[in-house]
Amino acid sequence: MRLKPTYIIEKVTDMNLDELKAEGITSLFFDLDNTLMPPKSGKLQDDIAQWLEVVRQTFQVVVLSNNPHFDYMEKVAEELSCPVYAKARKPNTSIALKALKEHNILPQETAMIGDRPLTDIWVGQRLKLITVLVDPLMKHHESQIIKFLRKMERLTVTPAQRSFSSFK
Ligand SMILES: [Mg+2]
């Protein structure tokens with residue numbers, strides 16, 4: 001199995017929203033930990049918070065997280081004011097499919113954005129969504145062993161199929 005993210009970028013804020021819109025994307029499914037927020041922080045960083053406000057003007061935002069802590073995820077849903085699916089069991093597709101169904105979203109108008117190839121990109125690929133792989137937000141704060149494991153995981157990834165054009 002090869003994982004082929006449609007796009008590989010550094011940070012969510014590097015996505016070209018105009019380009020996604022032009023491709024017919026109406027909904028963005030985000031992973032939470034290390035994609036939108038540092039793990040356990042429960043808070044958005046300022047730049048991402050501001051960017052999300054812009055995103056929301058055009059796209060439906062949904063969070064799909066494997067985080068099983070429902071209390072924490074409830075707080076996150078409040079902070080983000082968007083639908084949040086906890087314990088999403090990515091790369092299993094059942095919760096992602098449920099999210100598509102509950103919000104009347106078609107797979108072909110959805111992009112899945114996340115930092116983990118084996119969960120976020122894989123679930124997106126299985127559902128034939130556009131996928132966007134980002135670097136983990138807290139990569140500079142991770143232990144050597146985690147850095148090593150991430151490197152191993154990234155070996156399953158072939159280069160991005162497309163790149164965003166430079167205009168933003
Ligand atoms: Mg993550």
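Indexing begins at 1, ligand by ligand and atom by atom, following the structure's order. All values derive from a computational prediction rather than experimental measurement.
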Check D115, D47, D135 against K11 for a side chain to side chain donor-acceptor pair (under 3.5 Å) and give me the one that passes. D47
With heavy-atom distances below 4.5 Å as the criterion, would you say the side chains of M37 and V76 are in contact? yes
Could you give all pairs that pass the ring-ring contact (aromatic ring centres under 6.0 Å, His included) test and reach residues 1-24, with sequence neighbours left out? Y7-F164
Please determine if [X] and [Y] form a salt bridge, counting it only when a charged side-chain N lies under 4.0 Å from a carboxylate O.
| X | Y | result |
| --- | --- | --- |
| K90 | D31 | yes |
| R162 | E23 | yes |
| R116 | D120 | no |

Total protein N/O/S atoms whose distance from the Mg ion (ligand 1) is less than 2.8 Å: 3
